[in-house]
Structure formats: structure tokens, C-alpha cells
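Notes follow the structure.
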Amino acid sequence: MNPIRKFAAPALALLAALSVNIATAADLPRIHVIATGGTIAGAQASAQDYGYKSGAYDVDTLINAVPNLGKLASISGEQVVNIGSQDMNDDVWLQLAKALSATLAKDDVDGALIMHGTDTLEETSYFLSLVTKSPKPVVMVGSMRPATAISADGPGNIYNGVAVAADPKASGRGTLVSLNDEFHYARNVVKTNTTSVQTFESINRGPAGLAHTGTVEWFEPMDKKVGAQTEFSVESLDKLPRVDIIYAHANMSADLIEAAVKNGAKGIVVAGVGDGNMTSPALETLKKIAASGVVVVRSTRLPQGLVLRNNEVNDDEMGFVASGELNPAKSRVLLQLALTLTSDPGRIQAMFYDY
Ligand code: ASP
């Protein structure tokens, strides 16, 4: 064989392979990462330390720690806050929702990945799902072990989260929460275990799908309204109405309910016993409070099942709203948004069915 052809052939093959890679890189989905802190950004003081501090690493450090992430998507990053999600509050939610909408409005962004602590991930994700109008994919991830831990789960969760965000099938489903090889609709997902990596579950319904080393498999579609289908908008809001959660128990008094209203609560969510029940004194007080215009939602402290309207409690007579599938934390989010539009319990009950 001609010696020039002998050496040129592999070189040309290499060039062809390179040009394929370059073309593929240009075609990769563009995912913008927004970091807010949490254990996924957490560090132990030393390998021997059991304790750790949330929100110790910044967004670039976290992205760069994930091998091969650049093969899934073209990644950009932004740090909005760097806190443990136990410190999440209305101001940060509004800031985050506005930053997310601004990001998704850009032509050079195809989807977003949000890193967040796991403690209040179920609340922030539901909030963003209800107020983010863009149909572009939004996926939230966290981790149960800090970035410095043995078998840290953050990098794997980021990798799978980017794979879900890069999947065109994720469009229009509202915010998704991806951890431990599963991803969930924000409305359904709850944290169920204090320390295990298998903590997020959609208890009544099961996950939206599975993600394994970047491979994404979808299960059921979402049947509740999200994003542009909702009536909520935070664009012109700089605060949210105060809603408090009161935990029901044997011998429950009405004192905390009265204190909540005295301190400015416009809505009360009761984490009721059983099917959203509570003691007679608590019920009587809530009936009076509902008549005065404060919206009362009956949810449950139990992990499964629905809180049914007019079952053991006559909600029509009391002027209450029944939370259906929504746990107290999610009921609080929906009630806060509902109260930006109305304090009519009938209209708010319809929202609890729709969203
Ligand atoms: N306390 C942490 C947080 O929510 C826990 C975690 O991220 O897993 O930020």
C-alpha cells in the first residue's frame, strides 16, 4: 500500500471522528444550573467528622466535580443563594422564581437544573411548578450526603438530573425532582427519611420515571395543572401572604391557632389527625376564624391517603377547604399562592382539586 495512504487513512478517520464530536457538542442541549446550597454543596470539616455545613461549595465547583457532564449537555451556572434549605423563605422563593423565569426566557437555554437542600425541596419544587410559565424542562436535585462524604450521592444526582432536563419529553410537566435514580412530579414528591439516600417518594402515585447513568425512562404523565395552565404569577409580587401550619394531636388546644391569626396569618393549614381531624375546641375556633375571612385548610399529618371534603368534618358548614392529596407543606404553598388572588374558600377548594 502507498505509505502516504497507509498513514493518512487513520489520520482522516480521526479527523472525521473529531468533526462528529464537534458537531455533537454544538447540538447538545443547553442546561443552565442554578445553585441554592444544601447538603449537595455541603462539606465536612474533616473525613472523620460526622457533622457538616450545608452550602459550602459554589456552583462551578459542583458542576466540575461531575465526570462526563459535558457529554450530556452544554452547562452554564449561576449561584442565587448558598443556604441550608431549612432557611428557605418567601423572599428566596420569589427571587428564585424570577431568576428561573428570566433564564428560561433566553433563546440559548433549553432547560434548567436547580440544586437545593432536601429538607424543603418538596415545597420549593411545588412552588416553582405552579408559577413558572415556560414549558422548558426544570429539574431540581439535592443530595443526602455532603460533597466530601464517602459515596457522596450529589454528583450522580446532578448527572441524572441533567439527563432528565436535557430530555425533550420533560417539557411542560412542571418542575421535576430527581434523586437516587428516580424522578418525581413536584406536586407528588415528599421527603420520607431523615438520612437515607432513598428518601424522596411520590407516596400515593409512584415516581414520574427512572434515570440511570443518564438513561431516562418515563412512566405516567402529570394529570394536574402546572406552569402556564395555572392562574398564578409572581412577576409583580414582592411578598407572599403569611400561612401557618398547626399540628393536631390528642388534647390539642386552640391557643396556637389564635396566636397564628394574632401574628398576621391570612391562612391556617391544620396537619390534622387521620382524615384531617382535630379536637372540638380547635374545630370551633377554626370555624370562627374562617367566618372572619382567614382561610382554613384541613390537611393530615399522615403520609398517605386523601383528606376528603365533608367526610367526618362538614366543610360546607364550617367554611373550610379540604386538602385532598396535598400534605401540610404543599397545602401551605398552594394556599399562599391562592391568597394572592382570593380568600373565597369555594374558589380555593377548586384550586386544591386542579393543582
Ligand atoms: N439541611 C439540608 C438542607 O436541606 C439537608 C439536605 O440538603 O439534605 O439544606
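As a basis for the values below, the full set of heavy atoms in this structure was taken, side chains included, without hydrogen atoms, waters or symmetry mates. Order of listing sets the numbers, starting from 1, for every ligand and every atom in it.
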## Note on the structure
In this structure, atom 8 (O) of ligand 1 is nearest to the protein heavy atom T118 OG1, 2.5 Å
### Heavy-atom nearest neighbour in the protein, as seen from atom 9 (O) of ligand 1, with distance rounded to 0.1 Å
S85 N, 2.7 Å
#### Entry: Considering all heavy atoms, the nearest A166-L72 contact
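Minimum heavy-atom contact is CB-O, 4.3 Å.
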### Message
Testing the basics here: between V141 and S178, what is the closest heavy-atom pair and its distance to 0.1 Å?
### Response
CG1-O, 3.3 Å
### Query
Can you name the one residue among K225, R347, K133 that meets salt bridge (Lys or Arg N to Asp or Glu O under 4.0 Å) with E231?
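Running salt bridge (Lys or Arg N to Asp or Glu O under 4.0 Å) over K225, R347, K133 with E231 returns exactly one hit, R347.
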### Message
Let me confirm one number: the CG-CZ distance from L283 to F320, rounded to the nearest 0.5 Å.
### Response
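Answer rounded to 0.5 Å: 5.5 Å.
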## Note on the structure
CD (E220) and OG (S202) are apart, to the nearest 0.5 Å, by 11.5 Å
If you count the atoms of ligand 1 from 1 in the order shown, which ones are under 4.0 Å from a heavy atom of [X]?
X: T39; result: 2 (C), 5 (C), 6 (C), 7 (O), 8 (O), 9 (O)
X: G84; result: 9 (O)
X: Q86; result: 1 (N), 2 (C), 3 (C), 4 (O), 9 (O)

### Message
Grouping I, L, V, M, F, W and Y whenever their side-chain heavy atoms are under 4.5 Å apart, do V307 and M252 come out in a common cluster?
### Response
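Per the 4.5 Å side-chain linkage, V307 and M252 are not co-clustered.
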### Query
Looking at ligand 1, does any of its N/O atoms fall within less than 3.5 Å of an N/O of Y52?
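So ligand 1 has no N or O lying under 3.5 Å from an N or O of Y52.
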### Query
What do you reckon, does S54 put a non-hydrogen atom under 4.0 Å from ligand 1?
yes
### Task
Answer yes or no for S143: is there a heavy-atom contact with ligand 1 below 4.0 Å?
yes
